[in-house]
Amino acid sequence: QEIALTLSRDGNPELYILELDNMKFKRLTNNWAIDVSPSWSPDGKKLVFVSDIGGNPHIYMVNSDGTGVTRLTFNGKYNASPVWSSKNDKIAFARLEGGRFDIWVMNADGTGQIQITSNNGNNENPSWSSDGRHIVFTSTREGITGIYIMRSNGENQSPIIIENGKKWNPGSPVWSPSLKLN
């Protein structure tokens, strides 16, 4: 069992894996850039993460042994919050373009990037349902941060929680692995 995390052991955020059986750290990245937000593939063989090694923050993939770093995104001013679908075939993420974040989905190899939100406000922090049919995310489209749900193709975007008139920060919603919707 392993945990992927970001550590700044030498003053620069890098990706590490903590091996729980021996409590040792294995370093995955080693560069001048900021490497953050790791997310495991469901099969445990790869991770996606955010790095600014190419200039602006973009989504990269790396094998769990630290080899094969591959850049997946090349567009957008800022790409963030990558997360794998349970079927291991898609990655959802947030991209900043035109002054706001929207949710995008791409194939696991970086091809087929499709924007699936395009409303006012920022749409960020996607998380897949365990069956891969829905995505939960945060949005400021109502003027305050709320939690929304949609189909994985962007259809039927609906609020789950909006606390109008209150200051709150729901953080990043994460879907339970056993929860499924019809």
- Task: Take I116 and I135 through the test side chain to side chain contact (heavy atoms under 4.5 Å, CB included) and record every step on the way to the result.
- Result: CA-CA 10 Å; I116 60 172; I135 296 174; 3.8 Å; yes
- Could you grab the distance from atom CE of M106 to atom CZ of R95, nearest 0.5 Å is fine? 8.0 Å
- Are R133 and W128 close enough that some pair of their side-chain heavy atoms sits under 4.5 Å apart? no
- What is the distance from atom CG of D35 to atom CG of L15, rounded to the nearest 0.5 Å? 5.0 Å
- Message: For the residue pair N123 / R141, report whether a side-chain donor-acceptor contact shorter than 3.5 Å exists.
- Response: yes
- Message: With a 4.5 Å cut-off on side-chain heavy-atom distances among I, L, V, M, F, W and Y, is there a chain of contacts connecting V69 to L28?
- Response: yes
- Side chain of R151, backbone of N153: donor and acceptor closer than 3.5 Å? no
- Test side chain to side chain contact (heavy atoms under 4.5 Å, CB included) applied to I59 and S39, P82, S51, the passing residue: P82
- Message: Tell me if the CG atom of N120 is crowded by more than 12 foreign heavy atoms within 6.0 Å.
- Response: no
- Query: Is there a donor-acceptor contact under 3.5 Å linking the side chains of K45 and N63?
  - Reply: no
- Between E14 and R27, does at least one N-O distance fall below 4.0 Å, as a salt bridge requires? yes
- Note on the structure: Closest non-hydrogen contact found for A80 with V50 is CA-CG2, 3.8 Å
- For F137 and E124, work out which heavy atoms get closest and say how close. CB-O, 3.3 Å
- Task: Could you tell me which non-hydrogen atom of W84 sits nearest to which non-hydrogen atom of M61, and how far apart they are?
- Result: CH2-SD, 3.8 Å
- Residue K26 excluded, over 12 heavy atoms near NZ under 6.0 Å: yes
- Message: Assigning hydrophobic clusters by single linkage (Ile, Leu, Val, Met, Phe, Trp, Tyr; side-chain heavy-atom cutoff under 4.5 Å), is V83 placed with Y148?
- Response: yes
- Main-chain N/O of G121 paired with T140 side-chain donor or acceptor, under 3.5 Å: no
- Query: Within a strict 4.5 Å, meaning less than it, do heavy atoms of the N107 and K90 side chains meet?
  - Reply: yes
- Message: Can you see whether D102 engages T117 through a side-chain donor-acceptor pair at a distance of less than 3.5 angstrom?
- Response: yes
- Message: If we ignore hydrogens and angles and just use 3.5 Å, is the side chain of S37 paired with the main-chain N or O of F49 as donor and acceptor?
- Response: no
- Item | Heavy-atom donor-acceptor pair, T73 side chain to R71 backbone, under 3.5 Å | no
- Message: Can you tell me how far apart CD1 (I53) and CH2 (W32) are? Round to the nearest 0.5 Å.
- Response: 6.0 Å
- Message: For a quick check under 3.5 Å, do N12 and S8 share a side-chain donor-acceptor pair by atom type?
- Response: no
- Task: Taking all non-hydrogen atoms of both residues into account, name the closest pair between L96 and G99 and its distance.
- Result: CD1-C, 3.6 Å
- Item | Mutual orientation of the aromatic rings belonging to Y78 and F101 [parallel < 30°, tilted 30-60°, perpendicular > 60°] | perpendicular
